[in-house]
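All values below come from the heavy atoms of this structure, side chains included, with hydrogens, waters and symmetry mates left out. We count residues from 1, following the sequence as given.
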Amino acid sequence: MSVLVTGVAGFIGSQVAQRLLARGEAVVGVDNFSPYYDPVLKFARLKPLRETAGFTFLDADVADRDAMEALAGAHPEVDRIVHLAAQPGVRHSKVDPYIYVQTNVMGQLVMLELARGLGERLKHFVYASSSSVYGGNSKLPFSAGDPVNHPESLYAATKRADELMVETYVHQYGMRATGLRYFTVYGPWGRPDMSPYIFARAIHEGKTIPLYHMGKIKRDFTYIDEIATGTIAALDHPPADAGHRLYNLGATRSVDIRHVISLFEAALGKSANIELKPGEAGDMQETAADITATTRDLGWSPKVTVEEGIPLFVDWFKSYNRLQA
């Protein structure tokens with residue numbers, strides 16, 4: 001049997017696929033190399049996977065019904081799905097809202113239909129949600145049982161829509177599904193549109209870092225290795241019966257953004273140039289994960305702190321930039 005991993009050339013997807021292959025699983029990977037950020041990074045993530053026995057790759061869009069139906073027909077051995085393909089980015093959802101609905105909503109629907117078509121062969125449908133669904137909630141840390149009725153961005157709304165669609169399919173078709181609300185993920189091979197990569201590049205190149213909300217921002221930074229481990233732990237623990245569960249995957253610690261920048265300064269040996277700016281609609285000022293249920297049900301508890309993880313990320317950043325030079 002094999003695992004279907006969508007978004008396999010992405011930051012999280014590539015790491016999850018690597019771990020599955022390392023333990024002897026067969027993996028069918030799907031990605032469409034969206035140009036949202038430089039596809040060169042995606043090709044670099046994908047290269048070691050394509051050189052590993054047991055890996056099959058399909059260049060396709062998860063929102064393409066015909067392509068996904070063909071995939072299901074060509075790979076009847078698939079019995080689990082890890083659906084990570086998505087259009088990320090809170091601010092970009094104000095620039096190109098249509099791609100968010102196309103990829104995150106239509107893509108989710110197509111994957112749910114693919115899952116439904118597998119019938120009893122499907123052991124588990126795991127998919128990526130986001131801490132953004134908590135919106136303007138003032139209660140911290142965020143718990144998976146908290147109300148999430150007020151998303152502050154279209155991106156967040158699409159991820160909440162994904163959760164609701166899964167709830168419907170589980171109810172109607174008796175599927176086993178788990179949604180993972182990821183909190184700010186960083187580490188080697190990270191996305192260049194996310195703050196850790198932005199900070200590293202700006203400090204390295206002597207450029208200015210814009211800090212919104214006048215720098216009064218806190219985030220729950222979670223190291224990529226922890227996220228990959230948590231995702232596979234979720235895959236390995238499907239509900240005992242038909243059901244839909246939601247878990248937070250976060251480091252449980254809300255870290256001041258200025259402290260994070262100081263860690264990058266220390267690791268790079270350079271000072272940051274900071275420009276304070278007012279906040280924008282859709283920004284969340286603070287995030288923190290309550291992982292009580294995650295630890296109880298999945299046995300997952302993160303250990304890598306930002307003080308440990310950022311130097312590891314900077315080491316990779318320096319190496320990758322030397323290769324690109």
Side-chain angles (χ1 to χ4, degrees), residues 1-8 10 12-31 49 52-58 60 62-63 65 67-86 107-129 144 159 162-182 226-249 291 293-300:
M1 308 311 290
S2 64
V3 184
L4 171 60
V5 179
T6 71
V8 75
I12 300 173
S14 59
Q15 300 299 312
V16 169
Q18 276 189 359
R19 288 174 179 244
L20 289 170
L21 290 166
R23 74 180 193 181
E25 299 269 14
V27 174
V28 178
V30 176
D31 208 291
L49 299 177
T52 304
F55 182 73
T56 304
F57 178 69
L58 175 65
V62 293
R65 294 166 59 185
M68 292 303 101
E69 287 176 6
L71 182 153
H75 295 280
E77 78 280 5
V78 168
D79 67 346
R80 288 152 293 161
I81 296 173
V82 181
H83 176 41
L84 303 175
Q108 181 86 334
L109 178 60
V110 171
M111 293 307 301
L112 283 168
E113 279 294 294
L114 187 156
R116 181 169 75 93
L118 294 176
E120 293 184 358
R121 279 186 295 149
L122 180 69
K123 295 178 181 176
H124 200 185
F125 181 83
V126 176
Y127 67 98
S129 187
K159 300 309 284 185
D162 290 347
E163 295 178 352
L164 292 172
M165 283 194 292
V166 173
E167 186 71 20
T168 300
Y169 268 68
V170 166
H171 175 70
Q172 290 186 334
Y173 305 116
M175 293 167 49
R176 300 179 183 186
T178 299
L180 301 175
R181 292 173 174 171
Y182 295 128
E226 309 274 27
I227 290 292
T229 298
T231 301
I232 292 176
L235 179 66
D236 290 345
H237 291 82
D241 300 302
H244 176 214
R245 304 175 306 182
L246 289 164
Y247 294 113
N248 289 331
L249 289 189
I291 62 166
T294 317
T295 302
R296 179 194 66 218
D297 296 349
L298 308 182
W300 181 83

Engineer: Is the closest side-chain heavy-atom distance between His83 and Val62 below 4.5 Å?
Structural biologist: yes
Engineer: Please round to the nearest 0.5 Å and tell me the distance separating atom CG of Leu58 and atom OG1 of Thr6.
Structural biologist: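 Answer rounded to 0.5 Å: 11.5 Å.
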Engineer: Suppose we screen for salt bridge (charged side-chain N to carboxylate O under 4.0 Å, His left out). Which residues come up paired with Glu77, at least two apart in sequence or across chains?
Structural biologist: none
Engineer: Should Tyr169 and Leu109 count as side-chain neighbours, where that means a heavy-atom distance under 4.5 Å?
Structural biologist: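 Heavy-atom side-chain distance check passes, below 4.5 Å.
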Engineer: Quick check: closest heavy atoms across Val16 and Ala228, and the distance to 0.1 Å?
Structural biologist: CG2-CA, 4.1 Å
Engineer: Testing the basics here: between Ser2 and Val28, what is the closest heavy-atom pair and its distance to 0.1 Å?
Structural biologist: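 Here Ser2 and Val28 meet closest at OG-CG2, 4.0 Å.
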Engineer: Between Trp300 (side chain only) and Glu226 (backbone N and O only), is there a donor and an acceptor less than 3.5 Å apart?
Structural biologist: yes
Engineer: Tell me which one of Met111, Arg80, His244 satisfies side chain to side chain contact (heavy atoms under 4.5 Å, CB included) with Phe125.
Structural biologist: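 In the set Met111, Arg80, His244, the residue that makes a side chain to side chain contact (heavy atoms under 4.5 Å, CB included) with Phe125 is Met111.
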Engineer: What I want to check is whether the side chains of Asp297 and Tyr247 have a donor and an acceptor closer together than 3.5 Å.
Structural biologist: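 Side chains of Asp297 and Tyr247: pair found under 3.5 Å.
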Engineer: Is there a side-chain contact between Tyr182 and Leu84 (heavy atoms, below 4.5 Å)?
Structural biologist: yes
Engineer: Checking Val78 against Leu114 for the side-chain contact (heavy atoms from CB on, under 4.5 Å) test, could you report, in this order, the C-alpha distance in whole Å, the side-chain angles of both residues, the deciding distance, and whether it holds?
Structural biologist: CA-CA 11 Å; Val78 168; Leu114 187 156; 5.6 Å; no
Engineer: Is there a side-chain contact between Gln18 and Thr52 in this structure, where contact means two heavy atoms from C-beta onward sitting under 4.5 Å apart?
Structural biologist: no
Engineer: Considering all heavy atoms of both residues, which atom of His124 and which atom of Leu235 are nearest to each other, and what is their separation?
Structural biologist: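 Looking at all heavy atoms of both residues, the closest pair is ND1-O, 3.1 Å.
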Engineer: Got a sec, which pairs hit salt bridge (charged side-chain N to carboxylate O under 4.0 Å, His left out) with one end in residues 117-126, sequence neighbours left out?
Structural biologist: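 Checked against salt bridge (charged side-chain N to carboxylate O under 4.0 Å, His left out) - neighbours excluded - the pairs reaching residues 117-126 are Asp79-Lys123.
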Engineer: For the side chain to side chain contact (heavy atoms under 4.5 Å, CB included) test, which of Val3, Val5, Leu49 pairs with Leu21?
Structural biologist: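 Only one option passes, and that is Leu49.
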Engineer: Take atom NE2 in His171; do more than 12 heavy atoms of anything else shown fall under 6.0 Å from it?
Structural biologist: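 No - once you tally the heavy atoms of other residues, nucleotides and ligands closer than 6.0 Å, there are 12 at most.
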Engineer: How many angstroms lie between atom CD1 of Ile12 and atom CG of Leu249, to the nearest 0.5 angstrom?
Structural biologist: 8.5 Å
Engineer: Test your reading of the model: is there a side-chain donor-acceptor pair from Ser129 to the backbone of Leu180, 3.5 Å cut-off?
Structural biologist: no
Engineer: Backbone N or O of Asn248 within a donor-acceptor pair of the Thr294 side chain at under 3.5 Å?
Structural biologist: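 It does hold such a pair.
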Engineer: How far apart are the C-alpha atoms of Gln15 and Ile227, what are their side-chain angles, what is the distance that settles it, and do they pass the side-chain contact (heavy atoms from CB on, under 4.5 Å) test?
Structural biologist: CA-CA 9 Å; Gln15 300 299 312; Ile227 290 292; over 6 Å; no
Engineer: Which atoms form the tightest heavy-atom contact between Ala60 and Met68, and what is the distance?
Structural biologist: CB-CE, 3.8 Å
Engineer: Search all heavy atoms of Met175 against all heavy atoms of Ala115 and return the closest pair with its distance.
Structural biologist: CE-CB, 3.8 Å
Engineer: Would you say Glu163 and Arg181 make side-chain contact, with heavy atoms under 4.5 Å?
Structural biologist: yes
Engineer: So, using ring-ring contact (aromatic ring centres under 6.0 Å, His included) as the criterion, who are the partners of His237 when residues are at least two apart?
Structural biologist: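 With neighbours one apart ignored, the set is empty.
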Engineer: Are Ile232 and Arg23 close enough that some pair of their side-chain heavy atoms sits under 4.5 Å apart?
Structural biologist: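 Touching, per the 4.5 Å side-chain cut-off.
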Engineer: Could you pull out the closest heavy-atom pair between Val30 and Phe57, with the gap in Å?
Structural biologist: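 For Val30 and Phe57, the tightest heavy-atom pair comes out as C-CE1, 4.2 Å.
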Engineer: When you compare the side chain of Thr178 with that of Pro239, does any pair of heavy atoms fall below 4.5 Å?
Structural biologist: yes
